[in-house]
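Only heavy atoms go into these numbers, but all of them, side chains included; no hydrogens, no water, no symmetry mates. Counting starts at 1 for both ligands and their atoms, following the listed order.
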Amino acid sequence: MSTQFHNVLAPKINNPDIQPELRNTQGYIMVGHGRDDVWHALIRFRGGADPGAVREALAEIVTNITRITPTTDLVDQSQRDNAKLVVSALGFTWRGYERMGFADCAASFSLEFREGFAARSQDVTGRGWETWNREQWDPYNGYHALLILAAGRRVDGRPFLGDCQKKINDNFNGVADVTWLKGKLSRTGGIPNKPKENFGFTDGVSQPVLLSDKSRPGIAVTRKSGWVPEAAPNLVLIHEPIPGNDGRAEFGSYMAFLNIEQHVELFENAARGLQKKLKLPTREQAEALMIGREQDGSPLIKHMDGTDVNDFAAGTDESGEKWPFACHTRKMNSREPGQEHHRIVRRGVSYQNGALRGMYFQCFQANLQEQFEFLFKRWANFRSQPKEGCGVDPIVGFDSNHPQQWPVPPKDGALRNADPEIVSVSISGLTTIRGGEYFYFPSIPFLQSLNKQSSGASGSAGY
Ligand code: HEM
């Protein structure tokens, strides 16, 4: 059954045949955690620490301090609703695998994962390390593991996370150092249960649906375009490269994790400038054109009412007068047929520290090159995606030499699809990458077998 599990479009969660796969796969990959307080422990093993001791310390966390949450928990409504239950997920960088003694397994992981984000950042994002927060991210001495803990919803999750934090710090004493990045999701966005990011927009709206549940009200069935909400789990999952106990039913996923600072004042100023050029009544309208959605998450093409909020029917706005070609959502998913395999599963978490605001951007995929890197390099930063010369992504793109082409929206709101008046405005620099890493989130059996694994334990790689 395992072959069917990951190849079938949104398999049903109550199918008894796929329960081993759901139990073995980290829930954070497959389903949103539904919590508001999210703490990230970036772990760096101490130089010279014995691989066996590192694995022992990790095994202690996984078995006695926090339970790595399986998908079965997150699809179980009572567990989901228990906001005191800490949802945990754990992943490693390639350096981490090397330091745990798995250097011999290199061929089982992808090249881009092994090279890591720091080495590929210039090529992928158009920017190197010059803007990185060096106290938090040292590109020469990257992190080895990432433990994510999430709790709280209508209750304060911090006491539960604080308790885990203390135990984890104590447990790693002498073996690893931990940098804690604390995020908080605010749920005041428009679509119920969806978070609001720091520019004020509902986020996490467009997500591939990896599992289906007939017993709950699901996604809308009336579709106006070729938009396919569902995906087979192999969009994000790969067969576990280092199985724990049941190789056939073990899966894991690659994650791109970036700390992206958001310059809210610059965003608002840019929107004011665009508002003026397009002669729009409000700044918020210009902001919506930059993102490619209304603040409350609803689509810009209003005649799509009653359908899936992601069913933009790109073909009906051929001139881009309502859904600009240069906006973030159209750059990142123009909904052209045949591009579904580039989709990513986003798990971004916002942070605010005084005036400093940003997002711990996280996305899962089966193939970093074809998904996260493709989106950033070939879509966000390519000025002719999805239309010749439309400009780079205004939110994360990097090229101020090629202004975006913004169509003047029709005054009466009617979609004309005629040649609209085009205004050229350059919007860039609204976000800054402060650091990042590529992680791999393995199967739960692999994590449970950490202190038993000895094969390939070839000693410290000396980073
Ligand atoms: C701080 C940086 C970012 C902010 C504030 C941001 C914000 C948003 C917002 C508000 C949406 C619309 C809501 C939704 O559809 O869920 C969105 C959609 C999306 N973003 Fe971002 N984003 C950021 C970075 C990125 C990055 C780095 C990538 C990938 C390289 C990315 C990829 C996407 C994708 C694929 C969508 C869905 C588009 C769709 O299917 O309609 N975003 N983002």
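- In terms of protein heavy-atom proximity, atom 3 (C) of ligand 1 is nearest to Ile395 CG2, 3.9 Å.
- Residue nearest to atom 34 (C) of ligand 1, selected from Lys377, Arg346, Gln295: Arg346 (by heavy-atom distance).
- The contact set between ligand 1 and Phe201, taken as ligand atoms under 4.0 Å from a residue heavy atom, comprises 10 (C).
- Of all the listed residues (Gln362, Lys194, His328, Glu197), His328 holds the heavy atom that lies closest to atom 6 (C) of ligand 1.
- When non-hydrogen atoms are compared, ligand 1 lies under 4.0 Å from the side chain of Leu375 (C-beta onward) but not from its backbone.
- Between Phe5 and Phe251, the gap from one ring centroid to the other is short of 6.0 Å.
- The nearest protein atom to atom 25 (C) of ligand 1, hydrogens excluded, is given as Phe361 CE1, 3.5 Å; this is a heavy-atom distance.
- Not a single heavy atom of Arg343 lies less than 4.0 angstrom from ligand 1.
- If you take CD1 on Ile13 and OG1 on Thr72, they are separated by 10.5 Å, rounding to the nearest 0.5 Å.
- Using bins of under 30°, 30° to 60° and over 60° for the plane-to-plane angle, the ring pair Phe257/His40 lands in the perpendicular bin.
- Using a 30° and 60° split on the angle between ring planes, Tyr97 and Phe446 fall in the tilted class, from 30° to 60°.
- The shortest contact between atom 9 (C) of ligand 1 and any protein heavy atom is with Asp203 OD1, 3.7 Å.
- Atom numbering of ligand 1 starts at 1 in the shown order; those under 4.0 Å from a heavy atom of Thr329 are 12 (C), 41 (O).
- The protein non-hydrogen atom at the shortest distance from atom 24 (C) of ligand 1 is Val396 CG1, 3.6 Å.
- With contacts defined as side-chain heavy-atom distances shorter than 4.5 Å, the pair Gln404/Ile427 qualifies.
- Taking any N or O of Gly204, backbone or side chain, at least one lies under 3.5 Å from an N or O belonging to ligand 1.
- Residue contacts with ligand 1: Val205 is placed with a nitrogen or oxygen under 3.5 Å of a nitrogen or oxygen of the ligand (distance criterion only).
- Residues Arg330 and Asp317 are in side-chain contact: their nearest non-hydrogen atoms beyond the backbone lie under 4.5 Å apart.
- Numbered from 1 in the order shown, with element, the atoms of ligand 1 that lie under 4.0 Å from a heavy atom of Phe372 read 30 (C).
- Here Asn198 has no heavy atoms under 4.0 Å from ligand 1, in either its backbone or its side chain.
- Ion pairing of Asp138 with Arg44 is absent here, as no side-chain N (NZ or NE/NH1/NH2) approaches a carboxylate O to less than 4.0 Å.
- Aromatic pair Tyr440/Phe92: centroids not less than 6.0 angstrom apart.
- Shown in contact with Gln262 at under 4.0 Å from a heavy atom are these atoms of ligand 1, numbered in order with element: 1 (C), 5 (C).
- Counting only heavy atoms from C-beta outward, the side chains of Arg357 and Phe199 never approach each other to under 4.5 Å.
- Using the six-membered ring where Trp is involved, Phe439 and Phe441 have ring planes that are perpendicular, over 60° apart on the 30 and 60° scheme.
- Evaluated for a salt bridge (charged side-chain N to carboxylate O under 4.0 Å, His left out) with Asp203, the options Arg346, Lys196, Arg187, Lys194 yield exactly one hit, Arg346.
- Residue Asn333 approaches ligand 1 through these ligand atoms, each under 4.0 Å from one of its heavy atoms: 38 (C), 39 (C), 40 (O).
- Between Arg293 and ligand 1, a contact under 3.5 Å exists for at least one N or O pair.
- Between Arg120 and Tyr438 there is a side-chain heavy-atom pair separated by less than 4.5 Å.
- In terms of protein heavy-atom proximity, atom 40 (O) of ligand 1 is closest to Ser206 OG, 2.5 Å.
- By the 30° and 60° cut-offs, the orientation of the rings of Phe109 relative to Phe113 is tilted.
- Separation of atoms NZ (Lys279) and CD (Gln285) is listed at 14.5 Å; rounding is to 0.5 Å.
- The closest approach between any non-hydrogen atom of Asn310 and ligand 1 is not below 4.0 Å.
- In terms of protein heavy atoms, atom 13 (C) of ligand 1 is closest to Thr202 O, 3.4 Å.
- Interface atoms of ligand 1 facing Phe376, defined by a heavy-atom separation under 4.0 Å, are 27 (C), 30 (C).
- Residue contacts with ligand 1 leave out Ala380, since none of its heavy atoms falls under 4.0 Å from the ligand.
- Considering Met332, Arg335, His263, Gln371 only, the shortest heavy-atom separation from atom 41 (O) of ligand 1 involves Arg335.
- Listed by number with element, the atoms of ligand 1 under 4.0 Å from a non-hydrogen atom of Ile291 are 10 (C).
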